[in-house]
Amino acid sequence: MKHSRTDETDEQIAPGDALDGERVSKLRKDIIEDPLFVTDPATKEDATRVPGYASSKSNEAAARMMQSAEFRASHTSAAGNNFIDGFYKNSRLHHLSTWKNELKLLVAEAQERAERLKNISDGFVSPDGEESVSVHKPVSSDGGGVSMRGAVLPKSPSKGKVRLQDEKLETVIMHVDFDCFFVSVGLIDRPQLREQPVVVCHSQGAQGGANSTSEISSANYVARKFGIKAGMSLQQARKLCPSVVTIPYEFEKYKQMSLKLYTILMIHSDDLQAVSVDEALIDVSSGVRQISSEAEDRYHDPAKAFAEMLRKKVRESTGCEVSIGISHNIMLARLATGKAKPAGSFHLRHADLQKFIVHMQVDDLHGFGRATREKALERLGVSTLGELSKKPKSVLCDALGKTTGETLYNAVRGVDNRKLESDKPRKSVSAEINYGIRFEDTDQARAFMFQLSEEVARRLDSIEMRARSITLKLMIRDPNAPVEPPKFMGHGVCTVMNKQAALNASNGRATSDPLVIGQQAWLMLKACNVDPKELRGVGIQLQKLEKAGFSASSGSEKAQRKLTDFNPPKPGVDVGGADEGGAPSEKSDTAQSPSAMPNITLQPPSQEGDIQIVEAPATPTVLTENIPLILPSLSQVDPSTLEELPEDIRSEISKEYRRRRSESLTHSRSTTPARPLSLTDGSVLRVDDEEEVLFQKDTPAKRKTTNKGTPLGRIAQALGPKGSSSISPLKMNIFERAKLAASTSKSSVQHSVNSGSGGKGQPKKSSSVKVSMEELRSLGIDAQVYAALPVDLQLEQLSRARFERSFGKSN
DNA sequence: ATCCTCCCCTAC
DNA sequence: TAAGGTAGGGGAGGAT
């Protein structure tokens with residue numbers, strides 16, 4: 001989903017369309033100069049780019065409502081947890097981020113499945129389900145086993161054929177992107193609105209609008225002809241087109257459509273990089289090669305034919321249009337998408353590059369934005385790609401920085417060597433709210449910090465990670481900005497403040513303890529000496545992440561350290577047990593078996609050098625006894641009380657809260673990134689004991705994070721020499737791989753069913769959708785393809801096929 | 001030279 | 001009413 005200029009550039013005002021051109025131009029000018037054109041600039045610099053912004057007054061409606069204590073208690077940060085939950089549930093940007101994370105997991109999971117199928121077929125997994133040591137086979141002599149899908153193509157022994165092959169092996173990258181995604185999905189069930197100008201925003205109803213500061217997140221092409229764009233407020237849109245129709249967000253639907261898209265793309269691609277809920281990059285080299293070899297000269301442009309086939313499938317599956325940019329690398333494929341839109345595909349060839357880009361601006365390139373363009377203009381005097389392509393590399397580097405300069409230098413020459421990335425390890429986790437932050441006093445601010453800490457901690461837990469470093473981000477109202485900014489409950493012009501500090505549990509290890517995080521965040525906030533009334537935004541980011549269960553603590557050590565990772569579980573949740581004087585315990589590590597429990601306790605290393613920012617925590621003075629066994633809801637606990645507790649007791653309390661949290665995780669709100677969408681509805685899940693296809697799914701925790709050879713790449717390498725007849729194994733797609741794997745050893749596919757354990761005796765969670773072979777056949781689903789899909793996509797495939805069998809194709 | 005920290009920038 | 005989140009890349013400049 002693009003909320004940026006580039007997506008909309010070609011669809012500006014069509015003179016004579018509903019309004020005459022002159023009038024539209026004048027309106028647009030007014031709106032561009034409207035203080036709310038940029039809905040609510042965050043910095044002084046941004047504000048100066050908006051003529052008249054500094055003089056704008058506070059939002060009157062907001063100012064009025066803020067008078068009401070009732071309103072404040074239910075619609076601002078003063079409401080604490082309820083506010084946070086409600087906000088995230090309705091934040092489109094939050095959903096965007098969450099979805100992206102989920103989709104990345106989904107893709108990585110599919111790759112693992114493909115790899116496991118491959119391993120099974122190669123006998124890496126013995127029939128009883130024990131996985132043998134997973135050293136993958138060395139490939140051909142020059143492959144080296146080092147990397148990488150695409151990077152190391154197996155060389156054909158015959159020299160004469162090499163060139164021919166090379167030509168045929170050209171990489172084909174496609175950038176697949178839904179057209180105005182939110183609106184399109186919303187119009188599926190509102191066909192009567194399709195010819196009207198329609199936007200998606202929170203503010204609904206014909207009456208709402210004239211003064212609404214609600215932000216438009218997506219506008220259909222009819223609306224765009226009036227000059228309406230994503231990012232505008234509804235009131236601006238109403239000025240451009242009073243009759244514009246608003247439709248609400250439908251987050252669950254977006255996600256379902258996304259799964260449909262991803263299902264189709266995974267089946268037809270060699271490799272896939274999740275970009276966002278409505279967008280993905282795929283390598284389809286083998287698919288394109290295949291249709292061009294099958295159909296010989298039938299296709300003038302096989303890549304384009306392939307893209308149109310994909311577009312058709314997506315249209316049939318979702319009822320929405322995607323556009324597809326095609327080229328031989330990522331940068332160019334993305335560029336091509338602009339030309340493909342709407343509802344089309346475009347193949348950008350190297351030969352056409354120059355004339356395609358001469359008149360484009362730098363910020364039409366993905367990764368280059370306004371700042372780069374302004375910098376280029378200021379330091380080089382030009383900002384079009386045509387002009388910039390004349391500059392020597394050194395000049396670009398001097399003006400824009402080394403990496404940026406080189407990237408640009410290469411880009412304008414059509415060069416982009418990046419590979420698709422689908423399994424990079426997470427480097428940070430954060431939670432941030434810059435909307436509706438209105439504290440009345442210190443207590444509210446403190447309570448909020450602890451609640452936000454719970455939120456980040458939950459996210460960290462859900463990916464089974466711990467952190468060693470924390471950054472507090474504050475947005476503080478600029479003294480000149482109105483107390484209520486123009487945008488309803490917005491942040492207005494602010495100064496931003498960042499503070500970083502070490503984050504350690506009492507034992508010196510990385511942590512995901514919400515109380516440790518909250519304590520640290522609160523101390524940092526206090527150290528910033530900010531009037532809580534002036535706060536307009538708060539964020540907590542955690543970095544220096546480590547996998548839970550290992551404390552490969554920074555630097556040397558110390559095999560023993562690892563042993564102490566496991567702390568003896570106390571019998572029951574006995575808070576009093578904490579004062580036995582043992583080492584303060586972090587939460588116990590359920591991943592390890594109790595029998596491995598060591599009887600060793602190391603002293604936690606000194607932390608003194610690690611604390612960077614703040615004053616020492618208040619000395620615990622009270623309440624070492626009398627901790628209630630029945631804890632109130634965490635949001636009701638006075639954080640200042642918790643703060644006073646000794647660390648070990650806090651740790652115990654924290655453990656209990658976390659236990660509760662994980663219990664409630666299953667029915668927590670849908671944005672919890674713990675598990676991707678489950679489409680499970682009893683009717684979909686059917687077990688047939690006779691003949692079932694069932695495959696495991698690793699938990700994210702088990703996923704290796706090395707990127708030395710992605711799963712798909714390794715499969716390809718393992719297939720190496722023998723597979724290389726007509727289709728390069730490296731380019732074999734999931735479909736082919738799964739097929740080959742299954743045909744090589746059909747029985748082991750089924751035997752793998754209950755192989756619950758992986759290499760190191762750790763229990764491996766697994767899940768899959770059971771279905772009979774017979775039904776798969778009757779539904780026209782290829783069992784091997786089905787097997788390679790992650791469970792979510794299995795569900796998606798299955799329910800769709802069943803639906804279509806019963807009711808015919810929708811749409 | 002190479003790293004780290006504290007930003008800014010970009011994308012969806 | 002309205003829901004301005006989040007993660008990663010990279011540059012500047014200081015520490016090592």
Side-chain angles (χ1 to χ4, degrees), chain A residues 1-4 6-7 38-43 45-46 59-62 64-66 71 75-76 83-101 103-104 177 181 201-205 207-209 211-215 217-218 230-231 233-234 249 274-279 334 363 365-375 397 400-407 421 424-437 455-456 459 469 471 473 475 485 487-492 494 496-500 536-537 539-541 543-544 612 671 673:
Chain A
M1 163 133 0
K2 286 240 180 189
H3 290 196
S4 66
T6 45
D7 192 35
V38 170
T39 319
D40 198 11
T43 65
E45 293 74 39
D46 282 345
N59 183 307
E60 282 176 31
R64 200 175 332 114
M65 298 187 152
M66 284 295 290
F71 174 85
H75 293 82
T76 72
F83 171 74
I84 295 180
D85 286 352
F87 172 73
Y88 278 132
K89 211 171 83 195
N90 289 295
S91 161
R92 75 188 196 283
L93 291 171
H94 169 73
H95 278 94
L96 244 32
S97 289
T98 309
W99 289 328
K100 178 167 184 171
N101 285 332
L103 289 167
K104 280 160 115 180
D177 191 354
F181 184 51
C201 65
H202 281 293
S203 174
Q204 295 300 311
Q207 80 293 354
N211 301 308
S212 170
T213 61
S214 179
E215 202 165 317
S217 79
S218 182
S233 65
L234 182 57
Y249 289 90
V275 176
S276 106
V277 70
D278 71 329
E279 197 181 330
R334 297 192 98 121
D363 51 346
L365 293 176
H366 184 258
F368 296 82
R370 189 189 66 197
T372 320
R373 191 187 64 217
E374 284 171 2
K375 212 186 256 187
C397 289
L400 306 172
K402 189 166 186 305
T403 309
T404 311
E406 274 173 14
T407 307
E421 294 275 8
K424 299 228 278 193
R426 268 290 261 293
K427 291 161 111 176
S428 70
V429 171
S430 64
E432 178 175 352
I433 297 181
N434 303 307
Y435 172 89
I437 301 293
E455 179 67 31
V456 254
R459 296 180 190 181
S469 172
T471 300
K473 181 185 161 190
M475 292 187 72
K487 182 173 165 125
F488 187 80
M489 289 296 116
H491 52 53
C494 286
V496 178
M497 213 170 168
N498 280 286
K499 289 257 175 244
Q500 196 187 30
R536 290 293 177 271
I540 296 175
Q541 184 183 48
Q543 311 103 309
K544 298 195 182 165
Q612 293 173 358
T671 53

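The sequence lines fix the lettering, A, B, ..., with proteins before strands; numbering per chain opens at 1.
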Residue pair A/Ala431/A/Phe488 against DNA chain C: nearer the 5' end by closest nucleotide is A/Phe488
note: A/His202, atom NE2; C/dA2, atom P; distance rounded to Å ~ 10 Å
>> Does C/dA3 have its OP1 or OP2 closer than 4.0 Å to a side-chain nitrogen or oxygen of A/Lys487?
In response: yes
Test of ring centre spacing under 6.0 Å for A/Tyr435 and A/His491 | no
- Query: Does B/dT10 have OP1 or OP2 sitting under 4.0 Å from an N or O in the side chain of A/Thr372?
  - Reply: yes
- Message: Counting the atoms with a prime plus P, OP1 and OP2 as sugar-phosphate, which does A/Asn434 contact under 4.0 Å by heavy atoms, base, sugar-phosphate, or nothing?
- Response: base
The residue, A/Ala61 or A/Thr407, whose nearest nucleotide of DNA chain C is more 5′ is A/Ala61
State whether A/Lys544 places a side-chain N or O below 4.0 Å from either non-bridging phosphate oxygen (OP1 or OP2) of B/dC4. no
Nearest heavy-atom contact between A/Phe181 and A/Val277 is CE2-CG1, 3.9 Å
For C/dT6, take OP1 and OP2 only and decide whether either is under 4.0 Å from a side-chain N or O of A/Tyr88. yes
| field | Cationic tip of A/Arg459 above A/Tyr88 ring, under 6.0 Å, 45° of axis | value | yes
Categorize A/Lys100 for me: base, sugar-phosphate, or nothing, with a 4.0 angstrom heavy-atom threshold over every strand shown. nothing
> For C/dT6, does either OP1 or OP2 sit under 4.0 Å from a side-chain N or O belonging to A/Ser430?
Replying inline: no
* Hey, are A/Lys100 and A/Glu279 close enough for a salt bridge, meaning a charged N less than 4.0 Å from a carboxylate O? -> no
